[in-house]
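As structure tokens, the structure follows; a few thoughts come after it.
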Amino acid sequence: LVNIMEKRNEARHTYLTIAPIDDDEENPAEWGKNFPLQYEGYRKTVDQVRTRFGGSEAIARTPSQVDPRSVVAQSKLEEDPRLKDLWAGYAFSRDFREERGHAHMLIDQIYTERQQAVQQPGTCIHCHASTYVPMKKLGEGDLQKGFEIINKMPYQEARTHVQHPVTCIDCHEPKTLSLRVTRPAFMEGIRAFKATLGEPNYDVNAKASRQEMRSYVCAQCHVEYYFKGPEKRLTYPWAKGIKADQILAYYDELGHKDWERKLSGAPVLKAQHPEFELWSQGVHARSGVACADCHMPYTRSGAMKISDHHIQSPLLNINRACLTCHKSTEKDMQERVAIIQNNHFEMRNLAMDAVLALIKDIERVKESASPERLMKARDYQRKAQFLLDFAEAENSSGFHAPQEAARIMLKAVDYSRQGQNSLHDH
Amino acid sequence: LVNIMEKRNEARHTYLTIAPIDDDEENPAEWGKNFPLQYEGYRKTVDQVRTRFGGSEAIARTPSQVDPRSVVAQSKLEEDPRLKDLWAGYAFSRDFREERGHAHMLIDQIYTERQQAVQQPGTCIHCHASTYVPMKKLGEGDLQKGFEIINKMPYQEARTHVQHPVTCIDCHEPKTLSLRVTRPAFMEGIRAFKATLGEPNYDVNAKASRQEMRSYVCAQCHVEYYFKGPEKRLTYPWAKGIKADQILAYYDELGHKDWERKLSGAPVLKAQHPEFELWSQGVHARSGVACADCHMPYTRSGAMKISDHHIQSPLLNINRACLTCHKSTEKDMQERVAIIQNNHFEMRNLAMDAVLALIKDIERVKESASPERLMKARDYQRKAQFLLDFAEAENSSGFHAPQEAARIMLKAVDYSRQGQNSLHDH
Amino acid sequence: MNKHRLSYVLLFIVLGSSTGAFLGLGIFTFHYAKGSSYFTNDPQACVNCHIMQDNFDSWQMSSHRLTSTCNGCHTPSDFIGKYKTKAIHGIRHSWGFTTGYFEEPLRIKQDSLDVVEANCRQCHGAIFHATDPLASPSSSRTCTSCHRDVGHMR
Ligand SMILES: [Ca+2]
Ligand SMILES: [Ca+2]
């Protein structure tokens with residue numbers, strides 16, 4: 001299949017540009033003069049439509065001085081207040097919403113209440129804006145250097161250097177329009193990961209195939225990350241592998257914690273959007289099916305076939321996103337996904353209850369239990385909570401790799417309940 | 001359209017039978033005179049080849065008076081002694097082996113040590129021999145009546161009425177060779193299940209499509225069952241649905257138990273080979289892929305194509321069993337299955353440890369804990385153990401429906417660890 | 001929508017007032033799309049419409065590129081049926097091509113699939129001889145339920 005996908009893709013042509021674009025052109029409207037169809041799709045990412053577990057709902061709000069947005073996505077904390085409890089003591093317990101289209105990424109980051117809870121570092125901007133040109137400028141032509149500089153800025157300063165949400169130049173080389181990776185953190189992360197597979201010194205822009213690039217450009221951002229050391233360096237924790245338990249082992253070895261949970265006092269971790277990592281464990285990835293195949297399916301426009309730059313939930317576009325490969329009906333595909341996601345949701349709920357039960361138990365005996373026992377229980381909490389969070393934060397509700405997501409949650413349940421038991425005498 | 005239909009019908013010819021077969025012909029050799037290729041395949045089910053988790057290994061043994069077999073399959077109790085512990089007090093803890101090909105079904109049932117552990121009922125024979133003709137004879141032409149009679153016999157008597165392992169007449173109508181169901185217990189079970197889907201009075205032989213039949217003939221035996229009431233009537237517990245938790249709910253409502261676990265004293269259940277039930281929850285079943293598609297793939301013989309009657313692990317025949325539908329390589333399919341089965345095995349091991357930990361805890365506090373608390377913990381054990389057993393007894397090691405099997409095991413872990421907690425004061 | 005197509009749609013609206021517009025348009029487009037070649041067995045006849053390009057490409061990668069042309073599968077093998085089907089499909093495709101009123105990805109219609117299925121059987125009579133007598137016409141299963149890539153490699 002990979003071969004066929006590649007052949008299909010290669011069969012396509014190079015482009016006639018009306019207005020030449022240079023490597024400092026951030027403005028998508030300029031690119032749009034040459035590629036009006038892609039630009040038109042790109043702009044549609046402002047749309048908000050909800051699916052059962054994905055998409056997003058447009059919730060009206062009254063703009064205020066601190067937050068001028070008149071529409072936001074629904075709050076996940078309100079949908080499931082247990083999350084607030086889980087993240088007590090961390091900025092996420094203040095504000096956490098369903099994610100929406102790319103057009104909103106910059107304002108959503110600027111105005112999330114998480115900014116008010118704590119002073120965020122410039123590192124944040126890496127995935128919420130077009131940073132290629134700003135980083136190059138800050139580094140005086142050296143992308144890597146610009147990256148180091150922006151990481152260390154306070155967020156409020158960093159944000160003055162960027163103009164746009166992710167845009168053409170973040171994914172495309174302007175001459176040939178071919179895909180390229182522009183994020184140093186991903187270059188480093190994928191290098192560390194490939195080394196675990198016996199391929200050292202991996203240079204993604206030189207070595208990746210076109211079909212791989214159709215996922216890697218997304219994996220620049222849709223991945224788990226942490227801020228390393230006092231420089232708050234953006235780092236992808238992949239040096240032991242990209243499966244959830246391998247990432248956990250990495251953090252454990254490093255002794256890294258994101259925060260200390262209020263009350264239970266455990267040194268815990270927060271997982272964020274590991275779409276790339278989970279997808280990698282599924283049968284689609286194995287079969288060479290890329291993010292862009294489902295989230296940017298080919299669409300016809302007159303005589304041309306273009307990639308749909310309206311990146312969105314494939315469930316809003318099943319016909320093109322799925323039926324090209326699956327000779328089935330829309331209804332059937334919808335049901336297939338529903339079965340997977342509903343099963344996932346059932347497990348996620350059981351796992352969340354289990355983690356919270358452990359937290360409650362730790363809180364209760366915090367004063368009375370021996371330090372060794374408490375430490376052990378807190379370690380169980382750390383492990384369980386991270387694994388649950390990994391499955392929960394992943395945005396496909398299990399679809400990208402159903403069995404793997406279930407495996408992770410089963411371990412979360414096991415750790416939680418064992419943690420509870422460890423607090424008792426036997 | 002009419003034209004094509006007509007052509008299709010014209011193209012259908014009935015078989016040229018050399019020796020006409022009647023509805024009392026049990027002997028496969030007689031059928032084989034007409035269908036030598038299918039007969040040849042059928043006889044190959046004596047072969048034993050092992051895969052990582054399936055097939056079977058030929059283990060030599062010294063024949064004895066009580067058990068004249070010189071070759072058996074490997075013992076699963078030896079491979080994983082925890083199983084012995086799990087089933088303490090039940091015949092399965094005496095002898096439980098990997099299953100092998102159909103040719104062995106009758107002798108393996110006759111000589112299993114489970115026969116020595118307890119007096120087994122005639123009901124057992126239903127799935128281990130060609131029973132269609134014997135039942136008809138016993139019922140004087142009435143299959144249903146014969147079924148009731150044989151259920152009530154002691155096993156040793158029942159076995160004198162049968163001659164062969166499953167054979168042609170158990171799956172085929174002899175005139176047209178079309179498939180048919182010959183097992184009353186399945187007719188009743190599927191009727192009860194279809195009723196839950198809003199289709200009452202389902203008559204399988206009248207209503208099932210040919211493609212459905214290609215699974216139903218197998219589902220006559222590859223299913224979970226229990227012996228109902230003092231008549232030991234063979235029953236498939238599907239009146240609330242065929243998912244593991246629905247079956248458990250059915251047993252709970254009925255108050256049925258298979259045995260009382262030694263020491264822990266819980267009223268527990270044993271799940272057996274729910275291949276049909278698990279397969280039903282998977283994406284292959286949803287896509288209309290039948291048991292026979294993988295386990296009896298078409299095979300070329302000269303200019304003709306026939307169904308391979310050498311029923312076996314598809315991993316021993318990936319080329320035909322998988323690659324016609326999946327344009328991939330043998331190695332890739334092997335790996336896909338390995339990933340699924342290894343994940344499954346990891347979860348199964350965690351779940352088994354969890355159930356056994358609960359059992360140990362119950363045993364320890366059996367004398368000291370209050371009756372209410374004990375009862376509650378035993379109920380947790382019953383639930384957890386059944387769900388684990390369901391996933392473990394299913395013979396594809398999760399392949400038939402990976403996410404569903406994981407969901408069941410996650411619940412087993414959750415019940416076990418909650419059971420442990422329920423034994424402590426809070 | 002490209003310029004050519006737009007003008008045909010405009011033409012259609014004009015013709016729409018008179019009866020026979022459908023057929024008229026069909027025939028018109030048919031000509032435009034080198035319709036005469038439609039009656040040959042040359043796969044190029046199909047690729048005159050760019051929309052058939054994918055299927056042409058995937059056919060060229062399939063096991064049948066040397067054994068069967070498009071028509072070998074997609075039109076009945078008897079003379080009358082062949083030209084009847086071609087006429088119906090010719091009009092259906094022209095209509096779709098001209099107006100753009102069709103869903104993508106293209107999906108074979110049941111009647112077309114029946115034609116294809118009959119052709120598999122026509123060529124492969126011997127191979128399924130043994131297994132086919134059990135076939136019931138109502139069976140939803142087709143040859144391509146299993147041979148998913150015959151004709152068009154995916
Ligand atoms: Ca969303
Ligand atoms: Ca076996």
Side-chain angles (χ1 to χ4, degrees), chain A residues 1-4 243 245 281-283 286-288 326-328 332-333 335-337 339-351 353-354 357-358 360-361 364-365 391 398-399 401-426, chain B residues 243 245 281-283 285-288 326-329 332-333 335-337 339-351 353-354 357-358 360-361 364-365 380 384 391 398-399 401-426:
Chain A
L1 188 80
V2 184
N3 276 335
I4 301 154
K243 291 175 82 169
D245 9 28
Q281 309 307 319
V283 76
R286 258 203 85 74
S287 309
H326 295 282
K327 299 290 167 192
S328 178
D332 174 56
M333 293 316 281
E335 277 167 19
R336 276 200 203 179
V337 176
I339 290 171
I340 293 171
Q341 294 189 330
N342 285 331
N343 278 340
H344 181 87
F345 195 59
E346 179 187 347
M347 290 186 263
R348 170 248 193 216
N349 284 333
L350 291 174
D353 284 342
L358 168 58
K360 289 284 145 316
D361 279 6
R364 195 175 25 243
V365 303
F399 174 80
Q403 192 204 27
E404 172 69 3
R407 187 185 68 82
I408 297 169
M409 292 186 286
L410 182 143
K411 289 183 84 170
V413 170
D414 202 20
Y415 284 134
S416 305
R417 302 298 189 189
Q418 284 196 57
Q420 287 183 278
N421 279 304
S422 75
L423 289 169
H424 297 289
D425 283 313
H426 287 290
Chain B
K243 291 175 81 168
D245 9 30
Q281 308 308 319
V283 76
R286 258 203 84 75
S287 310
H326 296 280
K327 284 295 165 210
S328 179
T329 62
D332 173 56
M333 291 317 279
E335 277 167 19
R336 275 200 202 180
V337 176
I339 290 171
I340 293 171
Q341 294 188 330
N342 285 332
N343 279 340
H344 181 86
F345 194 60
E346 179 187 347
M347 290 186 263
R348 169 245 193 218
N349 284 334
L350 291 174
D353 284 342
L358 169 58
K360 288 286 145 314
D361 279 5
R364 194 177 27 244
V365 303
Y380 275 122
F399 174 81
Q403 191 203 29
E404 172 68 3
R407 188 186 67 84
I408 297 169
M409 291 186 287
L410 181 143
K411 289 183 84 170
V413 170
D414 203 18
Y415 284 134
S416 304
R417 302 297 188 188
Q418 284 196 57
Q420 288 183 277
N421 279 305
S422 75
L423 288 169
H424 297 290
D425 284 312
H426 287 291

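Proteins get letters first, then strands, A, B, ... in listed order; numbering begins at 1 in each.
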Would you say that [X] contacts [Y] through its side chain, given a criterion of any heavy-atom pair below 4.5 Å between the two side chains?
X	Y	result
A/Ile339	B/Gln281	no
B/His424	A/Asn421	yes
B/Ser287	A/Arg336	yes
B/Gln420	A/Arg417	no

| task | Would you mind telling me which of B/Gln418, B/His326, B/Glu404 has the largest number of heavy-atom pairs within less than 4.5 Å of chain A? | result | B/Gln418

| So which of B/Leu423, B/Val365, B/Val413 has the largest heavy-atom pair count under 4.5 angstrom toward chain A? | B/Val413

| field | Atom group of B/Asp353 that falls short of 4.5 Å from chain A, counting heavy atoms | value | neither

| said: Is B/His344 close to chain A through its backbone or its side chain, or both, or neither, when contacts mean heavy atoms under 4.5 Å? | reply: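 Contact with chain A: backbone and side chain both.
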
| query | Of the backbone (N, CA, C, O) and the side chain (C-beta and beyond), which part of A/Ile340 lies under 4.5 Å from a heavy atom of chain B, both, or neither? | reply | both

| task | Between chain B and each of A/Val283, A/Asp414, A/Leu350, count heavy-atom pairs under 4.5 Å; write down the option with the most. | result |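 Option with the top pair count is A/Asp414.
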
| request: Return the minimal non-hydrogen interatomic distance between A/Met347 and B/Arg407, and the atom names on each side. | output: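 Smallest heavy-atom distance, with atoms named: SD-CA, 3.7 Å.
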
| query | Do you know which two heavy atoms are closest between B/Met409 and A/Leu410, and how far apart they sit? | reply |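 Taking B/Met409 first and A/Leu410 second, the nearest heavy atoms are C-CD1, 3.6 Å.
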
